[in-house]
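Worth saying up front: this structure is predicted, and the values here are computed from it rather than measured.
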Amino acid sequence: MTEPHRSGFACFVGRPNAGKSTLTNALVGTKVAITSSKPQTTRHAIRGIVHREDAQLVIIDTPGLHRPRTLLGQRLNDVVHETWSEVDVVGFCVPANEKIGPGDRFIAAELKKIARRTPVIGVVTKTDLVKPEQIAEQLVALQEVMEFADLVPVSAVDGFQVQTVADLLVQRLPEGPQLYPGGELTDEPEQTLVAELIREAALEGVRDELPHSIAVTVEEMIPREDRDDLIDIHALLYVERPSQKGIILGHKGERLREVGATARKHIERLLGTKVYLDLHIKVAKDWQRDPKQLRRLGF
């Protein structure tokens, strides 16, 4: 008897910077969610698709759940809660190298409300950063936070137990046919992914107050008329204050050129073609707190 084919949705939740996006990318096998050393990098619920012979697992990478201080923060939390209500299984990520704190307990309290109808798996991430005994301690500590359907340690960086995480999630999916065509790795529009890759490049190496202030829109993405191997991309990088524009621009525009070069490499890999990337910076005053501007920027 062959095992029935399963298909469905899973999501990872956890505090900002708990390793959710890195784990999503490791499971999908390619970069669909942007990662950064800065917390609160993920802004949209990005879907990554894992194809297996026995299953199709769609992973929704969500923003980190946190106590919001801006309207943007509130909207990001809403995205998380909406996602929880739609998935078949949830993975609660806690890094192995950080003590379980109030933020984790806040998320666990929220998860307990859905745990009766949706299984929750406890995932200890970033195990490559600690000794085996610390992993064991963290698993015990996590067990005390809430009752899990299963517990698993994983390292997305060195591949430790990534397959096991996939198996545990797949076991809890309903039986069903493929939801997406084979070969598709995400259902995100290319423009969204391109904007995210530009924002990721802009986040690297900027001062700590900047991450939440950066937004990116792709204004135009069109093939060059006289060439079939080149796409012209015109994008705008939004910041909240003129002083932040100076940080992104850097000395004589050097910083912005670096951002463009890094983003272009990743975009070319994503699209499989050469890219001309035209980047400009705009100031949108306090956009994180302004409903009108949030709408225009896609939140």
Visitor: Search all heavy atoms of R117 against all heavy atoms of K113 and return the closest pair with its distance.
Guide: NH1-O, 3.9 Å

Visitor: Using a 6.0 Å cut-off, check whether atom CD of E147 has over 12 heavy atoms from anything other than its own residue.
Guide: no

Visitor: Please say yes or no: joined through hydrophobic side-chain contacts below 4.5 Å, possibly via intermediate residues, are F160 and V154 part of one cluster?
Guide: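 Result: no, two separate clusters.
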
Visitor: Quick check: do R52 and R6 have side-chain heavy atoms less than 4.5 Å from each other?
Guide: no

Visitor: If hydrophobic clusters are built from ILVMFWY residues whose side chains come within less than 4.5 Å, do L203 and L256 share one?
Guide: yes

Visitor: Would you mind reporting whether R264 and I267 have side-chain heavy atoms less than 4.5 Å apart?
Guide: no

Visitor: So V152 and I121, do their side chains get closer than 4.5 Å, heavy atoms only?
Guide: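 Counting from C-beta outward, I121 and V152 do come under 4.5 Å.
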
Visitor: Is the number of heavy atoms from other residues, nucleotides or ligands within 6.0 Å of CD (E133) greater than 12?
Guide: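 Check passes, neighbour count above 12.
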
Visitor: Out of curiosity, L129 CG to Q134 CD, how far, rounded to the nearest 0.5 Å?
Guide: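 Answer rounded to 0.5 Å: 10.0 Å.
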
Visitor: Just verifying a value: how many Å separate H266 NE2 and R269 CZ, rounded to the nearest 0.5 Å?
Guide: 6.0 Å

Visitor: Does any non-hydrogen side-chain atom of L169 lie less than 4.5 Å from one of F12?
Guide: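 Yes, side chains in contact.
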
Visitor: Would you give the length of the straight line joining atom OG1 of T22 to atom CG of N17, rounded to the nearest 0.5 angstrom?
Guide: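 Spacing of OG1 (T22) from CG (N17) equals 8.0 Å.
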
Visitor: Would you confirm whether R172, through its side chain, and L168, through its main-chain N or O, come within 3.5 Å as a donor-acceptor pair?
Guide: yes

Visitor: Just wondering, do Q143 and L139 contact through their side chains at under 4.5 Å, heavy atoms?
Guide: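 Of all side-chain heavy-atom pairs linking Q143 with L139, none is under 4.5 Å.
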
Visitor: Side-chain contact, heavy-atom cut-off 4.5 Å: L27 with V162?
Guide: yes

Visitor: Would you say V28 and I49 make side-chain contact, with heavy atoms under 4.5 Å?
Guide: no

Visitor: Using side-chain contact (heavy atoms from CB on, under 4.5 Å) as the criterion, point out the one residue from V275, T273, I231 that pairs with E268.
Guide: V275

Visitor: Any non-hydrogen side-chain atom of I100 less than 4.5 Å from a side-chain atom of Q138?
Guide: yes

Visitor: For residues 94-106, pull every pair meeting side-chain hydrogen bond (donor to acceptor under 3.5 Å, both in side chains), keeping only residues two or more places apart or in separate chains.
Guide: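 Listed by first then second residue: R15-E98, R15-D104.
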
Visitor: Take K274 and D229 through the salt bridge (Lys or Arg N to Asp or Glu O under 4.0 Å) test and state the conclusion after the steps.
Guide: CA-CA 6 Å; K274 281 194 162 47; D229 66 335; 5.5 Å; no

Visitor: Which pair of heavy atoms, one from P153 and one from I135, lies closest together, and at what distance?
Guide: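 Heavy-atom minimum between the residues: CB-CG2, 3.6 Å.
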
Visitor: Nearest 0.5 Å please: distance from the CG atom of L237 over to the NZ atom of K282.
Guide: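 Result: 12.5 Å between the selected atoms.
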
Visitor: Which atom pair, heavy atoms only, marks the closest approach of P95 to K126?
Guide: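 Heavy atoms of P95 and K126 come nearest at CB-CD, 4.0 Å.
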
Visitor: Which heavy-atom pair separates I107 from G14 by the least distance, and what is that distance?
Guide: CD1-C, 3.4 Å

Visitor: Are the side chain of T125 and the backbone N or O of C93 linked by a donor-acceptor pair below 3.5 Å?
Guide: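 No, T125 side chain to C93 backbone: no donor-acceptor pair under 3.5 Å.
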
Visitor: Taking the side chain from R257 and the backbone from K252, do they hold a donor-acceptor pair closer than 3.5 Å?
Guide: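 Here the side-chain-to-backbone pair exists.
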
Visitor: Give, for atom NE2 of H234 and atom CG of L277, the distance between the pair rounded to the nearest 0.5 Å.
Guide: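 H234 atom NE2 to L277 atom CG measures 9.5 Å (nearest 0.5 Å).
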
Visitor: Quick check: closest heavy atoms across L230 and Y276, and the distance to 0.1 Å?
Guide: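 Result for this residue pair: CD1-N, 3.8 Å.
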
Visitor: Between Q56 (side chain) and S7 (backbone), is there a donor-acceptor pair under 3.5 Å?
Guide: no

Visitor: If Ile, Leu, Val, Met, Phe, Trp and Tyr residues are connected whenever their side-chain heavy atoms lie under 4.5 Å apart, and connections chain through other members, are V94 and V157 in the same group?
Guide: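 V94 and V157: separate clusters.
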
Visitor: Between atom CG of L249 and atom CD1 of I281, what is the distance when rounded to the nearest 0.5 Å?
Guide: 4.5 Å

Visitor: Quick check: closest heavy atoms across I248 and A202, and the distance to 0.1 Å?
Guide: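 Closest approach of I248 to A202: CD1-O, 4.3 Å.
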
